[in-house]
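To keep things clear, I will list the structure first and then write my remarks on it.
The first residue of the sequence shown is numbered 1, and numbering continues consecutively from there.
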Amino acid sequence: MGFFSKPIRTLDDLFVHTLQDIYYAENQIVKNLPTMVENAADPELKAAFQHHLTETEEQVRRLERVFHMHDQPVKGVTCQAMDGILAEAKDIISDCDDPEVCDAAMLSAAQAVEHYEITRYGSLIAYAIQLSRPDCAAVLKQTLEEEKSADQKLTHIAEKGVNQHAA
């Protein structure tokens, strides 16, 4: 058990903890996406990052709604996985000398973030359904669909040109 967290004894505890985890993660993404927008050389990638920043800000608000719906205080818990993904991305990007290679690195890092989010939202939806909270599941499904769409868009951008230009 973490120093500042309470024990996870029930599925409801796990649901709340996972909600707090993804809330922290989404807020870290909101803090880091502007740097990616600023540093992206490819116009389509830059636009995708900007769009996803706006989308992520709405996703944070949705999570806050789910906290309220579930009668829980809005709070995050440190997500070591997201911190690690973002730290690795910063390291790789800082080592890139070529803007086109940097775009490929940022795109790959963004997809790692999306894949983490997809797993978390999928779990949260499954927990919400098991806890007889279809209202929470419905809100979380909106975000899951956005995350899947963002991942597909990034794949398209990579295959359409970013990876070719980096080569």
Side-chain angles (χ1 to χ4, degrees), residues 11 14-70 72-90 92-93 103-163:
L11 186 61
L14 184 58
F15 177 73
V16 171
H17 177 80
T18 306
L19 199 58
Q20 292 169 339
D21 173 277
I22 197 66
Y23 183 73
Y24 172 92
E26 293 287 19
N27 278 292
Q28 292 305 305
I29 295 163
V30 167
K31 288 178 187 172
N32 284 276
L33 267 172
T35 301
M36 294 173 80
V37 170
E38 183 181 316
N39 290 320
D42 182 88
E44 191 174 5
L45 182 60
K46 184 182 284 283
F49 286 157
Q50 182 59 56
H51 174 76
H52 199 58
L53 174 58
T54 303
E55 204 169 54
T56 304
E57 291 166 340
E58 178 57 32
Q59 292 167 353
V60 168
R61 287 188 286 277
R62 270 191 219 122
L63 286 170
E64 290 168 352
R65 280 190 8 232
V66 173
F67 276 110
H68 293 302
M69 292 163 66
H70 202 63
Q72 293 293 316
V74 175
K75 95 176 200 181
V77 295
T78 301
C79 175
Q80 294 176 353
M82 187 57 65
D83 284 348
I85 291 168
L86 294 174
E88 180 182 47
K90 287 176 188 174
I92 291 170
I93 292 164
D103 277 355
M106 286 190 296
L107 197 150
S108 176
Q111 285 197 283
V113 167
E114 294 306 323
H115 293 181
Y116 180 78
E117 291 175 300
I118 289 166
T119 64
R120 281 296 183 232
Y121 283 107
S123 294
L124 281 166
I125 291 163
Y127 301 157
I129 291 167
Q130 188 63 43
L131 293 167
S132 300
R133 293 305 310 260
D135 55 339
C136 293
V139 173
L140 295 164
K141 280 180 186 177
Q142 286 179 273
T143 300
L144 177 60
E145 292 310 311
E146 290 172 354
E147 301 299 5
K148 288 178 180 179
S149 176
D151 181 53
Q152 289 172 348
K153 185 174 189 173
L154 290 169
T155 296
H156 174 74
I157 293 169
E159 292 173 347
K160 183 177 159 192
V162 166
N163 290 348

**Given Gln130, His70, Gln20, the one that forms side chain to side chain contact (heavy atoms under 4.5 Å, CB included) with Phe15** = His70
**Item:** Working for side chain to side chain contact (heavy atoms under 4.5 Å, CB included), residues Val77 and Tyr24
**Value:** CA-CA 6 Å; Val77 295; Tyr24 172 92; 5.8 Å; no
**Message:** What's the separation between atom CD1 in Ile22 and atom OG1 in Thr119, rounded to the nearest 0.5 Å?
**Reply:** 7.5 Å
**Request:** Please indicate whether Lys141 has more than 12 foreign heavy atoms, meaning atoms of other residues, nucleotides or ligands, lying under 6.0 Å from its NZ.
**Result:** no
**Message:** For Asp135, give me all partners under salt bridge (charged side-chain N to carboxylate O under 4.0 Å, His left out), at least two apart in sequence or on another chain.
**Reply:** Arg133
**Asked** Hey, does the side chain of Asp103 reach the backbone of Val162 with a donor-acceptor pair shorter than 3.5 angstrom?
**Response** no
**From CA spacing to verdict: side chain to side chain contact (heavy atoms under 4.5 Å, CB included), Leu45, Leu154** = CA-CA 8 Å; Leu45 182 60; Leu154 290 169; 4.0 Å; yes
**Item:** All side chain to side chain contact (heavy atoms under 4.5 Å, CB included) counterparts of Ala81, not counting sequence neighbours
**Value:** Cys79, Tyr116
**Prompt:** Can you name the closest pair of heavy atoms from Ala48 and Lys153 and give their distance?
**Reply:** CB-CE, 4.2 Å
**Prompt:** What closest approach, in Å, do Gly122 and Leu144 show between heavy atoms, and which atom pair accounts for it?
**Reply:** N-CD1, 4.3 Å
**Prompt:** Does the salt bridge (charged side-chain N to carboxylate O under 4.0 Å, His left out) test come out yes or no for Arg62 and Glu26, once each step is laid out?
**Reply:** CA-CA 11 Å; Arg62 270 191 219 122; Glu26 293 287 19; over 6 Å; no
**Asked** Looking at Ile85 and Val113, what are the two nearest heavy atoms and their distance?
**Response** CG2-CG2, 3.6 Å
**Message:** Measuring from atom CD of Glu57 to atom CD1 of Ile29, what distance do you get when rounded to the nearest 0.5 angstrom?
**Reply:** 12.0 Å
**Prompt:** If you measure from OH on Tyr121 to CD on Glu114, what distance do you get to the nearest 0.5 Å?
**Reply:** 10.0 Å
**Complete:** Correct closest heavy-atom pair for Ala105 and Ile92 would be CB-CG2, 3.7 Å
**Message:** Within this structure, what is the CG-OH distance for the pair Leu19 and Tyr23, rounded to the nearest 0.5 Å?
**Reply:** 10.0 Å
**Fill in**
In short, Ile129 meets Ala137 closest at the heavy-atom pair CG1-CB, 3.9 Å
**Item:** Value rounded to 0.5 Å, distance of CG in Leu86 from CE in Met36
**Value:** 8.5 Å
**Request:** Could you grab the distance from atom CD of Gln59 to atom OG1 of Thr143, nearest 0.5 Å is fine?
**Result:** 4.5 Å
**Presence of salt bridge, Glu117 and Arg120, under 4.0 angstrom** = no
**Item:** side chain to side chain contact (heavy atoms under 4.5 Å, CB included) evaluation trace for Gln142 with Glu58
**Value:** CA-CA 11 Å; Gln142 286 179 273; Glu58 178 57 32; over 6 Å; no
**Prompt:** If only atom types and distance count, is the side chain of Thr155 paired as donor or acceptor with the main-chain N or O of Asp151 below 3.5 Å?
**Reply:** yes
